[in-house]
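Structure first, then comments.
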Amino acid sequence: MRGSSNEEGIPINRVKPPLFVGTNKTDITPNGPIHLIPTAPAPRSSIGVTRRLFARIAVFRQAGRNAVFVSADSLFIPHNVIEGLKSRIAETWGIDGSAVFVQATHTHSAPFPEAGYYAAVYDSSLDAEYDAYFRRVEDAVFAGVGAALAGLEPVTVWRGAGRCEFSSYRRKEAGGRWVMAPDDAGPKDPALTVVRFGREDGSDKALFVHFACHPTVTYDDLISPDYPGTAMEQLEETAGVVALFLQGCSGDVRPGLIRDGKYYYGSDEDVCRLAGELADETRAVLARPMRELATTGIHVRRLEVELPFGEVPTVAELEAWCDDPGLLGARSRKLLAFPQFLKPQETLRFGCLSLAEGLALVGMSGEMVAAYGSHAKAAGGEGIVALGLTDGNAGYVPTARQLAEGGYEAHDFFYRHGFPSPYDPVVEEKVRAALDAIIG
C-alpha cells in the first residue's frame with residue numbers, strides 16, 4: 001500500500017479517526033421503451049438498450065458524521081424525487097438531507113418525460129410514465145444506500161490530475177448571431193481529477209472521476225449512459241471498485257465531434273472511443289504517484305440564491321403570444337398550462353462536501369457554464385471539484401456576457417422549455433458571490 005507521513009512521522013491516515021467508505025452500484029435501466037428528449041417537435045422513444053444505466057453510490061463516515069454521494073446515469077433527476085430520497089435516508093439512517101448529494105451525469109440517452117421539462121426537473125408526477133420510472137429509481141438508490149452502509153471499510157484518500165482533450169466550447173458568433181458551433185478559442189476545462197479511495201490492503205474501494213463535458217455523443221433512439229457511464233464501466237473491470245463520474249461545469253461544452261467546422265452526432269462506436277480516452281487517462285493518473293490527502297473530518301455547507309428572470313410576462317401577454325409558431329408561442333403555451341411556473345425567480349442550490357484536506361466537492365443545481373468552474377478553482381484552489389446538475393436543475397446558468405450575446409444556452413433554451421424569460425445578467429454576480437461564500 002502506498003504510504004505517506006506528516007512532519008511528525010505519523011501516517012497521514014492515522015492523524016484522525018479513519019474515513020470509512022461504502023459503495024454500491026444499482027441498475028436503473030428502464031424496463032422497456034420510454035420517452036427520450038426530443039430532437040424534433042415530434043416525441044421520441046427508445047427502441048432498445050445499447051448499454052445499461054446505473055446509479056453509483058458512495059457513503060462516507062468519519063467520527064460520527066456521515067455523507068452520501070449519488071452519481072446517476074440520468075439526464076435530470078426531478079426535485080421531488082431528490083427530496084423524497086433525502087427524507088427516506090434521514091428517517092431510516094439518521095443522515096441529514098443536507099449531507100446527501102445527488103448528481104445526474106446528464107446523459108442525453110436517458111429517459112425524458114413526454115410532458116416536458118417541468119416533469120423532468122421539478123415534479124415527476126406531471127408525467128405518469130416518467131414518474132413510474134423514477135419511483136423505481138428512488139427505491140433502487142435507497143436500497144443501494146443501505147447496501148453501501150453495510151459495506152463500510154476504512155480507506156486512505158489519494159488525488160491525482162490528468163487531461164482529457166475531447167471537449168469543445170460550443171458557442172460561436174456567425175452572421176451576427178451566436179450559434180452552437182465549435183470555437184477552439186473559447187473557454188473549456190480539459191482537466192481531469194481522479195480521487196482514489198484505497199483499502200488497507202492497497203486495492204481500490206472507490207474512484208471519483210471528475211471531468212466537464214456534455215454527454216451528447218449520440219442521439220440514437222437507444223438507452224445509453226453515453227461516455228461517462230461507459231468509461232466508468234471500463235474502469236470497474238478492476239474487481240471490487242465502484243467508479244463514480246462527477247460532471248463538471250459543462251453547460252457550454254460538448255464532445256468535439258466536428259466535421260467541416262460543424263458538430264455532428266456520433267454512434268455507439270464514438271461513445272466507446274471517447275469513453276476509452278477518459279478511462280485510459282484515468283488509469284494513467286492512477287499509475288503515476290498520487291498525493292495522499294489527510295482526512296480532516298466530513299464537513300457540509302449549504303446555501304441557496306435566487307436567480308431573477310429578466311422579465312416575467314403577464315397572463316394577458318402569454319395569451320396574446322399563444323398562437324405564435326416560434327419560441328414565444330412554445331413558452332406561452334407551457335406557462336398557461338402550468339401557471340405555477342410563472343414566477344419571478346429560480347432557486348439555485350449550492351452544497352460543499354469536504355472529505356479531506358485538498359478535496360471539497362462544490363455542487364450547484366444547474367447547467368453551469370465553464371466560467372463558473374474556473375471561478376470555483378480560482379476561489380478555492382485545485383482542491384475544489386466544481387459540479388453542475390447536483391441536487392436539481394435550475395436550467396442553464398450563463399454569464400452576463402453570454403446573456404447579452406444570446407444563443408441556445410442564454411436565450412433559446414429558456415423559451416423552448418417554458419421559463420418566463422432568460423435570466424437577468426445579475427445572476428453572474430450572485431453565483432460568483434455564492435461560490436466565494438461557500439468555498440470560504
Side-chain angles (χ1 to χ4, degrees), residues 2 4-7 12-13 15-16 19 58 60 62 65 67 69 99 101 103 155-165 167 187-198 206-213 244-253 281-282 284-286 288-303 305 348-366 368-390 397 399 428-440:
R2 284 173 277 191
S4 184
S5 302
N6 63 15
E7 292 180 354
I12 287 178
N13 61 312
V15 173
K16 290 197 172 189
L19 175 68
F60 303 92
Q62 186 175 23
R65 292 186 177 181
F69 195 95
F101 293 71
Q103 190 191 42
V155 298
T156 51
V157 187
W158 307 79
R159 179 182 176 132
R163 292 175 68 87
C164 207
E165 301 288 353
S167 61
K188 64 174 186 175
D189 186 0
L192 169 66
T193 298
V194 180
V195 180
R196 172 182 175 264
F197 299 93
L207 299 175
F208 279 170
V209 180
H210 174 254
F211 183 61
C213 182
L244 288 80
F245 180 82
L246 309 186
Q247 182 62 261
C249 296
S250 60
D252 47 6
V253 179
E281 180 63 9
T282 300
V285 172
L286 292 168
R288 296 193 292 266
M290 300 178 75
R291 176 190 170 198
E292 185 177 0
L293 306 180
T295 54
T296 54
I298 296 170
H299 303 283
V300 175
R301 296 186 294 280
R302 292 281 186 177
L303 63 84
V305 298
L348 184 65
R349 301 173 186 86
F350 293 76
C352 182
L353 172 61
S354 298
L355 294 170
E357 183 180 348
L359 179 60
L361 311 184
V362 178
M364 294 164 273
S365 63
M368 314 303 294
V369 297
Y372 296 121
S374 297
H375 182 89
K377 281 187 179 181
E382 293 300 316
I384 298 298
V385 178
L387 312 174
L389 295 151
T390 304
V397 185
T399 63
E428 178 175 354
E429 178 184 341
K430 293 170 75 73
V431 171
R432 291 181 184 272
L435 284 170
D436 291 343
I438 201 163
I439 291 170

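Computed from a prediction, not measured in an experiment: that's the story for all the values here.
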Query raised in the report: Do F208 and F197 make the cut of ring centroids closer than 6.0 angstrom?
Result: yes

Student check: side-chain heavy atoms of [X] and [Y] closer than 4.5 Å:
X	Y	value
M368	V431	yes
L355	I298	yes
T390	S365	no
L286	W158	no

For the backbone of [Y] and the side chain of [X], can you confirm whether one donor and one acceptor N or O come within less than 3.5 Å of each other?
X	Y	result
E281	R163	yes
Q103	Q247	yes
H210	A386	yes
D436	A379	no
S374	Y372	no

Measure across [X] and [Y] and return the closest heavy-atom pair with its distance rounded to 0.1 Å.
X	Y	answer
E165	P190	OE1-CB, 3.8 Å
A371	T399	CB-CG2, 3.7 Å
A67	L353	CB-CD1, 3.7 Å
A370	D252	N-OD1, 3.0 Å
F211	D189	CE1-O, 4.2 Å
V253	S167	CG1-CB, 3.4 Å

Say you draw a straight line from [atom1] of [X] to [atom2] of [Y]; how long is it, rounded to the nearest 0.5 Å?
X	Y	atom1	atom2	value
C352	R301	SG	CZ	4.0 Å
L359	T295	CG	OG1	11.0 Å
K377	L435	NZ	CG	13.5 Å
I439	I384	CD1	CD1	4.5 Å
E292	R196	CD	CZ	9.5 Å
L387	L246	CG	CG	5.5 Å

Report summary line: From the list V194, V285, V385, side-chain contact (heavy atoms from CB on, under 4.5 Å) with R159 holds only for V385

Query raised in the report: Think R349 forms a cation-pi with F101, using NZ or CZ under 6.0 Å from the six-ring centre and within 45 degrees of its axis?
Result: no

